Visitor: 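Have a look at this one.
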Amino acid sequence: MEFFDAVRARRSIRKYTPDIVPNEVMEQALDAALLAPNSSNMQTWRIYWIHETETKKKIAHACMNQGAARTAQELVVFVADPSTWKVAQEANLKHLGPNARKDVITYYKVLMPFLYSWRFLAPVKWLVFNIMGLIKPVVRKPWSSRDISEVAVKSTALASENFMLAISAQGYDTCPMEGFDERRVKKILKLSCRASVVMIISVGKRDEGGLAGERFRLPKEMVIKKI
Ligand SMILES: Cc1cc2nc3c(=O)[nH]c(=O)nc-3n(C[C@H](O)[C@H](O)[C@H](O)COP(=O)(O)O)c2cc1C
């Protein structure tokens with residue numbers, strides 16, 4: 001399917017048919033998710049493809065058993081977890097190799113631990129950014145745990161959208177959900193306390209009545225400002 005057709009075909013579906021979703025469809029879409037742009041290539045997303053029936057039931061229950069989860073053939077949980085930063089730091093350094101540019105190596109060896117770790121230094125980081133900001137433009141965030149979590153969530157949301165469009169491009173449907181009990185989902189998946197469940201995406205074939213209504217968007221003049 002052409003890119004714009006896939007974008008237009010994607011709708012949030014609340015009721016699916018019993019048709020199974022082939023593994024290849026899921027795998028292609030998961031591969032597409034991993035190609036999303038992400039902050040400093042730290043890939044702090046973790047994606048849980050819930051294929052096993054009992055766990056799927058538990059996750060659907062944690063999604064308040066809403067139709068989009070209950071009738072789904074597949075459920076995928078998109079998690080942002082900044083505590084995974086070290087794995088990607090080491091992998092990036094290994095990928096770059098010893099002959100990479102010195103500033104790039106320093107970026108991963110010094111800046112990444114400064115941002116992702118040393119959380120007790122949050123006030124110091126805030127001070128450093130804000131003093132530097134008096135004389136020149138600086139990136140004001142991230143200095144707190146909350147900021148770094150936001151960084152991870154942004155990248156994970158982009159991976160989620162790649163995933164949904166890739167499913168749409170293959171003729172299947174999705175519904176992104178934030179209507180879930182995060183504490184229960186984290187318990188089921190044994191996630192770290194720093195992890196955020198960004199979205200749970202259900203997958204299947206749309207059933208008659210699976211659409212809540214006609215697509216509606218605010219007029220573009222209201223939301224797009226050309227300056
Ligand atoms: C972050 C996020 C959370 C959402 N949570 C839910 C949800 O819990 N349940 C649901 O039925 N739809 C959910 N939706 C789907 C939206 O309601 C839907 O995208 C919106 O109404 C626009 O419709 P469309 O996706 O068909 O274009 C969510 C969408 C996003 C992006």
Side-chain angles (χ1 to χ4, degrees), residues 1-19 21 25-26 29-30 32-39 44-50 55-82 146 149-189 191 195-224:
M1 205 188 282
E2 287 291 328
F3 174 74
F4 289 104
D5 292 334
V7 171
R8 276 187 282 266
R10 186 214 59 76
R11 293 295 315 276
S12 295
I13 298 302
R14 278 62 183 237
K15 188 176 172 213
Y16 298 97
T17 66
D19 295 285
V21 180
V25 169
M26 292 296 289
L30 289 164
L34 298 184
L35 296 183
N38 65 95
S39 182
T44 48
W45 48 45
R46 291 294 179 269
I47 304 172
Y48 294 80
W49 175 10
I50 316 295
T55 317
K56 218 158 49 178
K57 273 190 196 153
K58 283 186 198 160
I59 295 287
H61 180 247
C63 293
M64 268 64 78
N65 262 331
Q66 53 175 301
R70 200 184 59 248
T71 66
Q73 289 307 310
E74 303 290 343
L75 288 173
V76 184
V77 183
F78 283 78
V79 175
D81 189 355
R146 196 176 163 166
S149 165
E150 190 180 302
V151 167
V153 167
K154 283 185 213 173
S155 297
T156 309
L158 294 177
S160 308
E161 176 67 345
N162 264 21
F163 175 79
M164 287 188 280
L165 291 181
I167 291 284
S168 171
Q170 299 176 89
Y172 288 83
D173 295 291
T174 55
C175 185
M177 290 173 278
E178 61 190 345
F180 52 78
D181 180 333
E182 188 178 24
R183 190 182 291 184
R184 282 195 160 78
V185 175
K186 285 177 78 165
K187 198 167 167 202
I188 295 165
L189 300 179
L191 301 181
S196 307
V197 181
V198 176
M199 252 174 267
I200 299 181
I201 301 181
S202 57
V203 187
K205 270 260 178 219
R206 69 181 72 182
D207 196 4
E208 233 177 278
L211 266 178
E214 294 253 309
R215 170 128 60 198
F216 164 71
R217 290 295 189 265
L218 295 171
K220 69 178 182 183
E221 308 75 52
M222 199 185 276
V223 291
I224 300 175

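First listed ligand is number 1; within each ligand, the first listed atom is number 1. Position 1 is the first residue of the sequence, and the numbers go up from there. Treat the numbers as computed from the prediction; the structure is a model and nothing was measured.
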Visitor: In the protein, what heavy atom is nearest to atom 27 (O) of ligand 1, and what distance, to one decimal place, separates them?
Guide: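 Looking at atom 27 (O) of ligand 1, the protein heavy atom closest to it is Arg217 NH2, 2.9 Å.
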Visitor: Hey, is Ala68 one of the residues with a heavy atom under 4.0 angstrom from ligand 1?
Guide: no
Visitor: Which ligand 1 atoms, with their elements, are less than 4.0 angstrom from a heavy-atom of Cys175?
Guide: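 This gives 10 (C), 11 (O), 12 (N) as the contact atoms.
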Visitor: Where does Arg8 meet ligand 1, judged by heavy-atom distances below 4.0 Å: at the side chain, the backbone, both, or neither?
Guide: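 The answer is neither; Arg8 stays 4.0 Å or more away.
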Visitor: Going by the rule side chain to side chain donor-acceptor pair (under 3.5 Å), which residues pair with Asn162 if we only count those two or more places apart in sequence or in a different chain?
Guide: none
Visitor: Would you say that Leu165 contacts Val7 through its side chain, given a criterion of any heavy-atom pair below 4.5 Å between the two side chains?
Guide: yes
Visitor: Taking the side chain as every heavy atom from C-beta outward, state whether Leu30 and Val76 have any pair of such atoms under 4.5 Å apart.
Guide: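 Result yes, sub-4.5 Å side-chain heavy-atom pair found.
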Visitor: Which option wins on minimum heavy-atom distance to atom 28 (C) of ligand 1: Gly213, Gly67, Pro176?
Guide: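 The option holding the nearest heavy atom is Pro176.
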Visitor: N/O to N/O below 3.5 Å, does that happen between Gly179 and ligand 1?
Guide: yes
Visitor: Which of these, Gln66, Arg14, Met199, sits in a side chain to side chain contact (heavy atoms under 4.5 Å, CB included) with Met177?
Guide: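 With Met177 as partner, Gln66, Arg14, Met199 yield a single side chain to side chain contact (heavy atoms under 4.5 Å, CB included), made by Gln66.
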Visitor: Which value, rounded to the nearest 0.5 Å, describes the distance between Tyr172 atom OH and Asp19 atom CG?
Guide: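 Reported value, rounded in 0.5 Å steps: 7.0 Å.
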Visitor: List the closest protein heavy-atom neighbour of atom 18 (C) of ligand 1: residue, atom name, distance to the nearest 0.1 Å.
Guide: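 The closest heavy atom on the protein side is Ser12 OG, 3.4 Å.
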Visitor: For atom 3 (C) of ligand 1, tell me which residue out of Gln66, Glu178, Met199, Arg215 has the closest non-hydrogen atom.
Guide: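 It is Glu178 whose heavy atom sits nearest to atom 3 (C) of ligand 1.
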Visitor: Using a 4.0 Å cutoff against the non-hydrogen atoms of Arg11, which atoms of ligand 1 qualify?
Guide: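 Those of ligand 1 that fall under 4.0 Å from Arg11 are 24 (P), 26 (O), 27 (O).
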Visitor: Hey, which of Val203, Asp173, Thr174 is the one that makes side chain to side chain contact (heavy atoms under 4.5 Å, CB included) with Ile13?
Guide: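 Per the side chain to side chain contact (heavy atoms under 4.5 Å, CB included) rule, the option paired with Ile13 is Asp173, out of Val203, Asp173, Thr174.
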Visitor: Minimum distance, heavy atoms only, to atom 17 (O) of ligand 1: which one of Arg14, Glu161, Met177 is it?
Guide: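 The option holding the nearest heavy atom is Arg14.
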Visitor: Below 6.0 angstrom between ring centroids: does that apply to Phe78 and Phe163?
Guide: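 That pair passes the under 6.0 Å test.
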Visitor: Go through the structure and list residues passing salt bridge (charged side-chain N to carboxylate O under 4.0 Å, His left out) with Glu182, not counting sequence neighbours.
Guide: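 So Glu182 forms no salt bridge (charged side-chain N to carboxylate O under 4.0 Å, His left out) with any residue.
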Visitor: Determine whether the side chain, the backbone, both or neither of Ala157 has a heavy atom under 4.0 Å from any heavy atom of ligand 1.
Guide: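 Neither; nothing of Ala157 gets under 4.0 Å from ligand 1.
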